[in-house]
Amino acid sequence: MGLTTTALPAAEFDVVIYGGTSAAVTAAVEAKQSGKSVVMVSPDKHLGGLSSGGLGWTDTGNKAVIGGLAREFYHRVWKHYQTTEAWKWQPREEYGGRGQGTPAIDGAQRTMWIFEPHVAESVFEDLIREHEIPVHRNEWLDREKGVKKKGEKIISITTLSGKTYSGQMFIDATYEGDLMAAAGVEYTVGREAKSQYGEQWNGVQTGVLHHKHHFGAVKTPISPYRTPGDPQSGLLPRISAEPPGEYGAADKKIQAYCFRMCLTDDPENRVPFPKPEGYDPAQYELLVRIFNAGWRETFNKFDPIPNHKTDTNNHGPMSTDNIGYNYDYPEASYERRREIIAEHETYQKGWLYFIAHDPRIPKEVQQEMQQWGLAEDEFVDNGHWPHQIYVREARRMVGDFVITENELLNKPPIPDSVGMGSYGMDSHNVQRYVTPDGHVQNEGDIGRSTRGPYQIAYRALVPKRGQCDNLLVPVCVSSSHIAFGSIRMEPVFMILGQSTATAAVMAIDEGLAVQDVSAAKLQKELLKRGQVLELPAE
């Protein structure tokens with residue numbers, strides 16, 4: 001993906017949005033509805049990020065805090081599933097999917113929270129088409145020389161193809177924060193020490209075993225060595241030889257990524273799991289030991305979405321999360337990121353193929369896995385495999401206001417609330433290591449309730465004063481690692497996409513830096529648009 005030597009004329013817009021995520025779509029729609037010219041410059045071919053990339057089992061928390069264009073998205077999903085044509089592989093009355101203990105189909109609110117990937121993508125495309133928003137796909141920011149600034153304002157961005165986009169306001173709606181970083185905005189990667197912000201659940205979390213994604217969920221301890229109990233024999237694959245670090249300490253490691261797969265057990269729509277190129281059964285030796293120890297929860301996160309399909313997510317000590325293989329992703333080159341994504345795809349396809357075919361797998365598990373396959377009518381241009389890897393966390397901006405677990409748990413009044421979150425603080429595992437007593441263990445998985453919704457500050461969506469005056473960041477927001485574990489949910493990204501676009505329009509109209517937008521005026525505009533900024537006391 002080399003640079004072109006031909007400079008093309010700049011295209012001028014009021015608002016330039018870099019990214020193709022769900023936040024990018026809601027930001028673009030809001031800017032256009034507000035009368036501004038807008039363009040989406042998207043490195044992605046498919047719009048919607050994870051919302052159209054397999055994450056159909058929406059992590060919602062309290063649905064009452066989801067308003068505005070985010071709620072419009074889930075309303076349009078509901079409308080789709082009201083049609084007979086939507087239920088090709090399953091009678092509508094047969095589907096009873098439930099998300100976080102509530103119905104997937106909320107007829108009273110005319111919303112639906114659980115859906116097939118292609119349905120979500122269709123909704124995003126409809127929104128873009130109806131509002132006549134130009135989308136320039138497969139356009140990758142030139143991260144070295146592509147951001148032109150005058151003082152503290154971005155004047156234009158240029159992509160690797162040579163296209164230049166000028167604008168008054170810019171929004172970085174990527175999962176990685178590439179525009180933010182290239183514009184010279186301060187950011188961080190990895191986990192802060194728990195002492196930095198006075199948090200309990202940040203930093204290295206050795207000895208903390210939440211959920212069931214650790215080896216404490218296995219009946220007996222498991223040796224990490226090729227010859228059980230013999231350190232001289234060397235470690236099994238996918239176990240780190242490095243010590244995990246001191247409890248509560250900072251590191252630069254990243255919670256694990258995976259693909260949220262759309263699987264089906266309908267024989268007419270099922271594609272057998274392919275044997276990936278580079279498949280190596282030795283990579284899954286640890287999984288054999290887990291099964292031999294009696295673990296049998298392989299299918300616990302095959303969450304049902306309509307038409308006999310799933311949103312399949314990580315579950316257990318060695319599942320779809322590729323622990324420890326993404327540390328350099330946030331700041332890696334495009335080429336290196338593609339290598340990381342390809343390695344994740346090989347690992348995860350191999351995990352499926354191994355369980356379905358290796359003779360060492362327990363018979364009952366293997367027979368069940370052989371009933372599943374990739375959904376033939378999903379991701380049809382990508383071998384039925386998701387087009388978006390789950391970047392659970394990459395860069396995070398460091399603004400004048402940093403959201404920490406203290407804001408999520410203690411809920412102090414936020415005078416500049418521009419949206420709300422409510423999902424639990426959720427970090428997936430960060431590393432797999434050898435314990436002092438010679439057993440294998442995972443570290444980093446955290447699941448802690450926020451005990452109700454919390455407000456998200458506008459100050460966490462803009463850079464520090466003096467770094468960039470016309471950039472807003474609705475995805476890689478200014479927050480600690482563990483606070484981001486709650487904020488990072490797709491409905492929240494949609495909410496913040498709309499809120500940042502509303503602020504961008506106000507900044508244009510009033511000739512202001514984004515840091516100087518009046519919170520009170522912004523909140524009035526957001527409330528007009530159906531955003532939820534606070535909930536009445538229960």
Mark yes or no for whether [X], through its side chain, and [Y], through its backbone, hold a donor-acceptor pair below 3.5 Å.
| X | Y | result |
| --- | --- | --- |
| Lys411 | Thr450 | yes |
| Thr21 | Ala173 | yes |
| Trp351 | Leu287 | no |
| Gln467 | Glu186 | yes |
| Glu121 | Phe379 | no |
| Gln455 | Leu533 | yes |
| Asp469 | Gln515 | no |
| Thr310 | Leu263 | yes |
| Tyr95 | Pro304 | yes |
| Arg296 | Phe291 | yes |

Mind telling me whether [Y] and [X] have parallel, tilted or perpendicular rings, with 30° and 60° as the class edges?
| X | Y | value |
| --- | --- | --- |
| His428 | His213 | parallel |
| Phe299 | Phe302 | perpendicular |
| His387 | His46 | parallel |

Gap between atom [atom2] of [Y] and atom [atom1] of [X] - 0.5 Å precision:
| X | Y | atom1 | atom2 | result |
| --- | --- | --- | --- | --- |
| Ile456 | Leu461 | CD1 | CG | 7.5 Å |
| Ile389 | Glu345 | CD1 | CD | 9.0 Å |
| Leu352 | Thr320 | CG | OG1 | 8.5 Å |
| Asp178 | Arg143 | CG | CZ | 4.0 Å |
| Leu127 | Phe73 | CG | CZ | 8.5 Å |
| Thr26 | Glu72 | OG1 | CD | 12.0 Å |

Show the nearest heavy-atom pair for residues [X] and [Y], with the distance to one decimal.
| X | Y | answer |
| --- | --- | --- |
| Gly485 | Arg488 | O-NE, 3.6 Å |
| Ser319 | Asn314 | CB-OD1, 3.0 Å |
| Ile157 | Val16 | CD1-CG1, 3.9 Å |
| Ser499 | Gln531 | OG-NE2, 3.0 Å |
| Gly421 | Val492 | CA-CG2, 4.1 Å |
| Glu176 | Ala394 | CA-CB, 3.9 Å |

Original post:
His211 and Asp426: side chain to side chain contact (heavy atoms under 4.5 Å, CB included), yes or no, with the steps?
Top reply: CA-CA 10 Å; His211 297 127; Asp426 182 19; 3.7 Å; yes

Determine whether [X] and [Y] make a side-chain contact, defined as any pair of heavy atoms from C-beta on separated by less than 4.5 Å.
| X | Y | value |
| --- | --- | --- |
| Gln348 | Asn322 | no |
| Cys468 | Phe170 | no |
| Tyr334 | Leu141 | yes |
| Thr174 | Val475 | no |
| Pro317 | Asn442 | yes |
| Ile254 | Tyr329 | no |
| Tyr81 | Glu116 | yes |
| Ser122 | His80 | no |

Side chains of [Y] and [X]: any donor to acceptor distance under 3.5 Å?
| X | Y | result |
| --- | --- | --- |
| Tyr74 | Thr60 | no |
| Gln431 | Ser240 | no |
| Thr502 | Glu525 | no |
| Tyr197 | Glu407 | no |

Identify whether the distance between the nearest side-chain nitrogen and carboxylate oxygen of [X] and [Y] falls below 4.0 Å.
| X | Y | value |
| --- | --- | --- |
| Arg392 | Asp321 | yes |
| Arg260 | Glu378 | no |
| Asp328 | Arg336 | yes |
| Lys464 | Asp400 | no |

Would you say [atom1] of [X] has more than 12 non-hydrogen atoms from neighbouring residues, nucleotides or ligands within 6.0 angstrom?
| X | atom1 | result |
| --- | --- | --- |
| Glu510 | CD | yes |
| Lys149 | NZ | yes |
| Lys521 | NZ | no |

Original post:
Can you list the steps and then say if Glu393 with His481 is a side chain to side chain donor-acceptor pair (under 3.5 Å)?
Top reply: CA-CA 8 Å; Glu393 189 172 355; His481 155 74; 2.9 Å; yes

Below 3.5 Å, can you tabulate the donor-acceptor pairs from side chains in residues 201-209 to any protein atom, sequence neighbours excluded?
from, atom 1, to, atom 2, distance (Å)
Asn202, ND2, Glu192, OE1, 2.8
Asn202, ND2, Glu199, OE1, 2.8
Gln205, NE2, Asn202, O, 2.6

**OP:** Start with the C-alpha distance between Tyr433 and Ile323, add both sets of side-chain angles, then the distance that settles side chain to side chain contact (heavy atoms under 4.5 Å, CB included), and finish with yes or no.
**Re:** CA-CA 10 Å; Tyr433 68 102; Ile323 300 170; over 6 Å; no

**OP:** List for me each residue that meets side chain to side chain contact (heavy atoms under 4.5 Å, CB included) alongside Ala457, sequence neighbours excluded, and say none if there are none.
**Re:**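 Ala457: side chain to side chain contact (heavy atoms under 4.5 Å, CB included) contacts with Phe401, Ile414, Asp416, Arg459.
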
Original post:
Is Arg238 positioned over the aromatic face of Tyr325, cation under 6.0 angstrom from the ring centre and no more than 45 degrees off axis?
Top reply: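 Yes, cation above the ring, under 6.0 Å and within 45°.
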
**OP:** Any chance you could lay out the side chain to side chain contact (heavy atoms under 4.5 Å, CB included) test for Met40 and Leu47, step after step, and finish with the verdict?
**Re:** CA-CA 10 Å; Met40 285 178 63; Leu47 299 184; 3.9 Å; yes

**OP:** Any chance you could lay out the side chain to side chain donor-acceptor pair (under 3.5 Å) test for Thr435 and Gln441, step after step, and finish with the verdict?
**Re:** CA-CA 7 Å; Thr435 65; Gln441 188 53 273; over 6 Å; no

Original post:
Of Met169, Lys32, Gln33, which is the lone residue that meets side-chain contact (heavy atoms from CB on, under 4.5 Å) with Val38?
Top reply: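 Of Met169, Lys32, Gln33, side-chain contact (heavy atoms from CB on, under 4.5 Å) with Val38 is met by Lys32 alone.
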
**OP:** With side chain to side chain contact (heavy atoms under 4.5 Å, CB included) as the test, would you mind laying out the steps for Leu55 and Asp311 before giving the verdict?
**Re:** CA-CA 6 Å; Leu55 205 165; Asp311 168 358; 4.2 Å; yes

